[in-house]
Amino acid sequence: MYTPDPDRYADMPYRRTGRSGLKLPALSLGLWHNFGPDRPAETQRAILRRAFDLGVTHFDLANNYGPPPGAAESALGDALKADFTYHRDELIVSTKAGYLMWPGPYGEWGSRKYLLSSLDQSLGRLGLDYVDIFYSHRPDPETPLEETMGALHSAVQQGKALYVGVSNYSAEQTREAARILAELGTPLLIHQPRYSMLDRRPEDEGLLDTLDELRVGSIAYSPLEQGLLTGRYLDGIPEDSRAASDSPFLSADTVTEELVGRLRTLNEIAASRGQSLAQLALAWVLRGGRVTSALIGASSPRQLEDSVAAIGNLEFGEDELARIDEVVKQ
């Protein structure tokens with residue numbers, strides 16, 4: 001029987017999410033690619049147990065995570081029942097709906113029909129009565145935002161979610177979503193954007209400024225830029241890497257000689273701080289406290305431990321930040 005580490009809260013920083021009372025760990029575990037039937041169940045459970053032992057109290061999902069879609073929620077549901085039955089109140093479990101989940105006109109996007117049906121299915125796979133955060137995974141260009149936000153509000157009113165969030169929304173869409181939710185009486189808790197040293201759009205397009213103004217939290221996904229900001233690509237493209245596969249998220253064409261050169265320089269900066277490149281990338285996203293939490297993936301407990309070690313050095317000097325900007329933006 002799993003017994004959590006009694007010192008699990010000793011080192012992990014917890015950050016208040018916007019103006020809410022909810023605190024999230026600086027690093028949260030995303031169950032995007034490594035939790036499905038193609039991975040050993042015991043390895044998945046070992047990752048979750050090790051995460052909790054290290055103070056990672058937030059497990060982030062979406063209805064379509066796997067593969068196949070739904071598999072990650074089912075895997076977490078099995079682990080919750082086996083290992084975390086007595087620790088549910090110490091965990092934050094989030095899920096999303098927005099991308100294709102089942103065939104037909106009601107299986108994706110942002111209608112009330114889809115969002116609430118999806119949430120019921122997610123709760124069934126998870127074996128839970130409620131999730132802590134329920135997200136609209138992407139804006140729907142054909143559904144009124146009032147309907148999408150109204151569905152999130154209903155999820156809270158029905159007791160099936162404690163908080164609500166949005167993901168992949170622009171600054172303007174986020175501002176309008178927050179306004180609608182405020183009028184309904186369910187505050188917008190959090191936004192989940194893609195953000196990394198190599199992808200500055202939340203800064204460049206004003207999203208972070210908007211979140212600061214609205215006092216809405218943020219949790220960054222792909223802070224390691226699909227693995228580019230790890231040590232895997234410092235000598236080119238490994239045969240077993242994502243870039244060498246048919247992944248739609250990272251192509252071999254992306255990994256140019258020029259990019260590899262920049263990654264090597266960033267790795268040198270990381271080494272000067274006593275960090276790996278991945279740890280540097282995570283620390284950079286978390287710098288200054290503007291981002292509430294960064295999402296990490298893990299295929300093994302050891303990989304998870306390496307990422308969590310980033311919390312050992314989250315401070316940057318102005319010269320370090322300037323050097324990173326010089327390398328990235330050259």
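Salt bridge status for R200 with E205: absent, with no side-chain N to carboxylate O gap under 4.0 Å. A salt bridge does not link R45 with D78: every distance from a Lys NZ or Arg NE/NH1/NH2 to an Asp or Glu carboxylate oxygen is 4.0 Å or more. A salt bridge links D199 with R194; the closest basic N to acidic carboxylate O contact falls under 4.0 Å. At a threshold of 4.0 Å, the pair R264-E268 does not count as salt-bridged, since none of the basic side-chain nitrogens sits closer than that to a carboxylate oxygen. E213 has a carboxylate O that lies under 4.0 Å from a charged side-chain N of R175, or vice versa, which qualifies the two as a salt bridge. Ion pairing of E320 with R323 is absent here, as no side-chain N (NZ or NE/NH1/NH2) approaches a carboxylate O to less than 4.0 Å.
Annotation for E203: atom CD counts as buried by contact number, over 12 foreign heavy atoms lying within 6.0 Å. Annotation: E142, atom CD; neighbour count of heavy atoms from other residues, nucleotides and ligands within 6.0 Å does not exceed 12. Atom OH of Y106 has 12 or fewer neighbouring heavy atoms from other residues, nucleotides or ligands inside a 6.0 Å radius. Heavy atoms from other residues, nucleotides or ligands lying under 6.0 Å from CG of D204 number more than 12. A 6.0 Å sphere centred on CD of E318 holds no more than 12 heavy atoms belonging to other residues, nucleotides or ligands.
Within the 4.5 Å cutoff, the side chain of V164 has no heavy atoms near those of the I133 side chain. Side chains of M149 and V166 form a contact here, defined as non-hydrogen atoms less than 4.5 Å apart. Inter-residue side-chain proximity for F59 and I92 is flagged as unmet; no heavy-atom pair is nearer than 4.5 Å. Using a 4.5 Å cut-off on side-chain heavy atoms (C-beta onward), L277 and I269 make no contact. Residues I180 and L145 are in side-chain contact: their nearest non-hydrogen atoms beyond the backbone lie under 4.5 Å apart. Between V93 and H58, every side-chain heavy-atom pair lies at or beyond the 4.5 Å cut-off. Between D306 and R302, every side-chain heavy-atom pair lies at or beyond the 4.5 Å cut-off. Counting heavy atoms from C-beta outward, Y169 and Q192 have side chains that stay 4.5 Å or more apart.
Grouping the Ile, Leu, Val, Met, Phe, Trp and Tyr side chains by contacts below 4.5 angstrom, directly or via other members, places M12 with L304. Residues I47 and L224 fall within the same hydrophobic cluster, defined by Ile, Leu, Val, Met, Phe, Trp and Tyr side chains chained together at heavy-atom separations under 4.5 Å. Cluster membership check: W32 does not share its hydrophobic cluster with I190, using side-chain heavy-atom separations under 4.5 Å among Ile, Leu, Val, Met, Phe, Trp and Tyr. Hydrophobic clustering (ILVMFWY, side-chain heavy atoms < 4.5 Å, transitive): Y130 and L91 are in distinct clusters. Hydrophobic clustering of Ile, Leu, Val, Met, Phe, Trp and Tyr side chains at less than 4.5 Å, counting indirect connections, unites L48 with L54.
Judged by distance alone, the side chain of N64 and the main-chain N or O of M101 form no donor-acceptor pair under 3.5 Å. Between the side chain of R262 and the backbone N or O of L259 there is no donor-acceptor pair closer than 3.5 Å. Between the T292 side chain and the R15 main chain, no donor and acceptor come within less than 3.5 Å of each other. Using modelled atom types, one side-chain atom of S293 and one backbone atom of A26 make a donor-acceptor pair closer than 3.5 Å. Within the 3.5 Å criterion, the main-chain N or O of L61 finds a donor-acceptor partner in the side chain of K96. Proximity of a side-chain donor or acceptor of Q303 to a complementary backbone N or O of S299 within less than 3.5 Å is detected. With hydrogens and angles ignored, the 3.5 Å screen pairs no side-chain donor or acceptor of E108 with any backbone N or O of G98. Without hydrogens or angle criteria, T265 side chain to G261 main chain gives a donor-acceptor distance under 3.5 Å. Within the 3.5 Å criterion, the main-chain N or O of L128 finds no donor-acceptor partner in the side chain of R88. Looking at T143, its side chain never comes within 3.5 Å of a backbone N or O of D140 through a donor-acceptor pair.
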Step by step, would you call L211 with T174 a side-chain contact (heavy atoms from CB on, under 4.5 Å)? CA-CA 8 Å; L211 298 179; T174 301; 3.9 Å; yes

Start with the C-alpha gap between E73 and T95, add the side-chain angles, then the distance that decides, and say whether side-chain hydrogen bond (donor to acceptor under 3.5 Å, both in side chains) holds. CA-CA 8 Å; E73 290 178 329; T95 197; 2.6 Å; yes

Go through it in stages, so that I can follow the logic: the residues are N63 and S122, the test is side-chain hydrogen bond (donor to acceptor under 3.5 Å, both in side chains), and I'd like the CA-CA distance, side-chain angles, deciding distance and then a yes or no. CA-CA 6 Å; N63 57 357; S122 292; 5.6 Å; no

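Nearest heavy atoms, L188 versus A178: CD2-CB, 4.0 Å. Minimum interatomic distance between A310 and Q275 (heavy atoms only, all atoms of both residues): O-NE2, 3.7 Å. A161 and F134 make their closest contact through CB-CB, 3.8 Å (heavy atoms, listed as atom of the first residue, atom of the second, distance).
R138 forms a cation-pi arrangement with Y99, by the criterion of a distance under 6.0 Å to the ring centre and an angle within 45° of the ring axis. Taking the centre and axis of the six-membered ring of F316, the NZ or CZ atom of R273 falls inside the cone set by 45° and 6.0 Å.
For the atom pair CG (D60) and OG (S28), the distance works out to 7.5 Å, reported to the nearest 0.5 Å. Interatomic distance, L282 CG to L314 CG, rounded to the nearest 0.5 Å: 9.5 Å. Between the CG atom of L198 and the CD atom of E225 there is a distance of 5.5 Å, given to the nearest 0.5 Å. A distance of 10.5 Å separates OG1 in T148 from CD in Q173, rounded to the nearest 0.5 Å.
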Name every donor-acceptor pair, under 3.5 Å, that has one atom in a side chain of residues 214-222 and the other anywhere in the protein, sequence neighbours excluded.
from	atom 1	to	atom 2	distance (Å)
S218	OG	R290	O	3.3
Y221	OH	N168	OD1	2.6
S222	OG	Q226	NE2	3.1

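Note on ring orientation: taking the six-membered ring where Trp is involved, the planes of W102 and Y114 are tilted (angle from 30° to 60°). Between F84 and F52, the angle of the ring planes goes over 60°, which puts this pair in the perpendicular group of the 30/60° scheme.
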